[in-house]
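Here's the structure we're looking at; comments come further down.
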Amino acid sequence: MRRLRGIGVSAGIGAGRAVILIQRAQILRFSIPAALIHSEIARLEDARRRSSDQLDRIQIKLPGTDLGALFDAQRLMLDDPMLVPRAAAIIGEQRVNAEWALQQVFDHLASVFDSVEDPYLRERKGDLADVVGRLRMNLTPGGSGFRDVLGQCESPCVLVADELPPSIAAQLDWTKFQAFVTNAGSRTYHTAILARSLHVPAVVGLHDATEKIPPGTMILVDGEQGTVSIDPPPEAVGQAAATGRIGRRSTTQPAAPFRTSDGVKVLVEANVDLLGDAAFALAQGAEGIGLFRSELLLAGRPADAVTEEMQYEVYRQLLEDMSPAPVTIRTFDIDEDQLASGEQRRDTLWASGYEVPRSRLGLRSIRLTLKRRELLRAQLRALVRAAAHGHLRVLFPFVSGVDELREARSVLNEARQEIQARGETLHPLLVGVMIEVPSAAFTADLLAAESDFLTIGSNDLIQCCLAVDRTDERVSHLYEPLHPAILRLIRHIRRAALRRGVPLSICGEMASDPAVLALLIGLGLTQFSMTPAAIPLAQQVIQELDSRELRKIAAQVLRLSSAIEIEQCLTEGLTRTKVLGSEVE
Ligand code: PEP
Ligand code: MG
């Protein structure tokens, strides 16, 4: 048995097989049971096929160009027996996941490229990295990357990461992961605060745990002592399992409404993509649906194939399932490609050879549906009818100013008149605007004056405000929810909504990070909508917070000039004032 020593930041003992996550380089490594080797190799083969199709489509667009020749080379690499077949062999030999097998092959081939004299050949390492990156992306197509793969790990396990961003930590299944350890970190490290809220044993600041601990090894984490035992004696593991995690939170959550420790009521609703997710949202404690992404109904189908009647059935069911809780249904947030068939959608090619969705700033969302009025009108007719079955809020996405809101409202009026002309009764519904475009943020007072509620779509607001496409990995590090510009915008929107007496919520990913949630409460927000998996933790954290302290922290961070300073100040503030993570001091 070997023992590593770090900083114990969250008390308790947890044991399980190590799952290694190199978050910075996007590498995940874990062992798989023999029975899954076959399906893991099939997953890799699927990724190869998808990559191959993508390269074919790229080449069709670039015949005879230099860029085309570059992709010829990538094609050859993709089909080379030293790449995918070698990775498949590693999966079988080492019983590891496809991502890690691929990484090992890449490391080996990269070192071969490094050792060649010819500078032209040496540069081909970049192409290899590109091909491997494409394969990696295609291993979890359409998924949320790590989260999907982490969900497949065998229980019980312990996460060993270089660092663990709260956005990932908040959504992991902590009944499966018994503890976590990280290379990075200190006692006031953002994730350490989260660990204490989760009541998950954690040791941070281990520097090289991801290298010293082989995937699949049994490890025992003592969050009190700050130690990690590698290959501990079975008696110690048995004892840990019998004791259970010390300090682990009870699974019986008090019921809504949730209040901060000083009595401020905070509402937590769910972002739901599919009708079937509503039950899960309720089970997670959602007090309503703050965002239903209706465009998922169109996925892979021509828009006109999704009729008013089909939509009405879905919306009615959703409202009935959630009743009496409110349901916010966003009108289609699609772009032109999404209107086309699923196959054509991925054909967009960027000059560098990466595939990215067509510009977020083009004809999309409310702009597109206002041009395709019949599409919007049919959706609004379905919504007007569904309003009979519950508490409905209709939400217009990506609005950039009052003119669009007025036009959308006039289409809603047309839809109402059509329903009335059919002899059906009209029922009340609320109309709201998503604040995702900086121009909408700056005119929030004008939009609030003509709507029943506002909701901040922080995912797009951050992208648009900071001019960062977060799917472009070369700039994704600039995507900073805590950028001073974002916090100032949120403060501005909040003031506008307050002055007009219009309810304001936030439904972007931002709110699912507990520390950021605390800051948002400090900025005066009390209504949130997030991915259902993040709800129990958010509700638990809310009850540990003191809004008066949070207001002071918010005032302090608003005076700072960079996201890094803000994150540091926030983390220190939350630890110092014991509004969060007060167990270890
Ligand atoms: C947002 O932009 O914050 C949002 C919730 O919308 P989506 O993520 O669907 O673009
Ligand atoms: Mg959005």
Side-chain angles (χ1 to χ4, degrees), residues 142-145 147 167 170-171 268-274 277 281 286 288-299 327-339 345 356-369 379 393-400 404-405 408 432-441 444 447 453-472 476 479-483 485-487 489-490 493-494 504-513 516-517 520 523 525 527-535 538:
S144 46
R147 244 177 295 131
S167 54
Q171 294 181 48
V268 184
E269 299 182 325
N271 292 350
V272 166
D273 295 352
L274 301 168
D277 294 344
I289 292 181
L291 173 66
F292 177 71
R293 293 183 167 100
S294 71
E295 60 275 8
L296 270 287
L297 293 172
L298 299 177
V327 174
T328 314
I329 299 181
R330 165 169 92 181
T331 60
F332 300 138
D333 185 2
I334 37 170
D335 58 27
E336 290 167 283
D337 289 341
Q338 287 162 324
L339 264 187
R345 203 188 312 161
V356 296
R358 202 181 281 199
S359 166
R360 303 286 281 169
L361 306 183
L363 190 58
R364 63 166 284 206
S365 208
I366 197 72
R367 297 171 192 165
L368 177 61
T369 52
Q379 180 169 38
R393 306 175 187 138
V394 173
L395 180 62
F396 292 120
F398 221 69
V399 168
S400 59
E404 280 166 352
L405 171 62
V433 172
M434 239 174 135
I435 308 287
E436 304 175 273
V437 183
S439 59
L447 292 164
F453 66 97
L454 300 180
T455 182
I456 300 174
S458 59
N459 304 341
D460 272 309
L461 186 61
I462 297 168
Q463 296 206 85
C464 295
C465 177
L466 302 182
V468 171
D469 178 348
R470 60 177 175 159
T471 61
D472 177 354
S476 57
Y479 181 92
E480 292 173 321
L482 295 180
H483 192 290
I486 303 301
L487 301 186
L489 267 191
I490 292 175
I493 301 164
R494 196 254 164 185
L504 171 70
S505 66
I506 180 158
C507 63
E509 278 303 307
M510 195 175 176
S512 60
D513 175 336
V516 179
L517 175 70
L520 292 168
L523 287 168
L525 278 107
Q527 198 173 326
F528 302 91
S529 186
M530 59 188 67
T531 181
I535 291 177

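Whatever order the structure lists them in is the order used to number ligands and atoms, beginning at 1.
Atom numbering of ligand 1 starts at 1 in the shown order; those under 4.0 Å from a heavy atom of Gly457 are 1 (C), 2 (O), 3 (O). Interface of Arg330 with ligand 1, defined as ligand atoms under 4.0 Å from a residue heavy atom, comprises 6 (O), 7 (P), 9 (O). Atoms of ligand 1 lying under 4.0 Å from any heavy atom of Ser458, numbered from 1 in the order shown and given with element: 3 (O). Numbered from 1 in the order shown, with element, the atoms of ligand 1 that lie under 4.0 Å from a heavy atom of Gly508 read 3 (O).
At a heavy-atom distance under 4.0 Å, no atom of Glu509 approaches ligand 1. Contacts of Glu295 with ligand 1, taken as heavy-atom pairs under 4.0 Å, are absent altogether. Contacts between Leu291 and ligand 1, counted as non-hydrogen atom pairs separated by less than 4.0 Å, involve the side chain only.
Residue contacts with ligand 1 do not include Met510, since none of its heavy atoms lies under 4.0 Å from the ligand.
Looking only at side-chain heavy atoms (C-beta outward), Arg494 and Leu504 come within less than 4.5 Å of each other. Under the 4.5 Å side-chain criterion, counting only non-hydrogen atoms from C-beta, Asp277 is not in contact with Pro532.
In this structure, the side chain to side chain donor-acceptor pair (under 3.5 Å) partners of Glu269, at least two apart in sequence or on a different chain, are Arg393. Annotation: side-chain contact (heavy atoms from CB on, under 4.5 Å) contacts of Ala538 (sequence neighbours excluded): Leu517, Met530.
Of the options Asn459, Asn271, Val437, the smallest heavy-atom separation from atom 8 (O) of ligand 1 is shown by Asn459. Of the candidates Met530, Arg364, Glu436, the one placing a heavy atom closest to atom 2 (O) of ligand 1 is Glu436.
Looking only at its N/O/S atoms, Asp460 has OD2 as the one nearest to the Mg ion (ligand 2).
The backbone N or O of Phe332 lies less than 3.5 Å from a partner atom in the side chain of Gln379, making a donor-acceptor pair. A donor-acceptor pair under 3.5 Å is formed between the side chain of Ser529 and the backbone N or O of Ala270.
Residue Glu436 counts as close to the Mg ion (ligand 2), with an N, O or S atom under 2.8 Å.
Nearest heavy atom pair, residue Gly508 against residue Ser458, reads CA-OG, 3.0 Å. Of all the heavy atoms in Leu525 and Ile490, the pair that sits closest is CD1-CG2, 3.6 Å.
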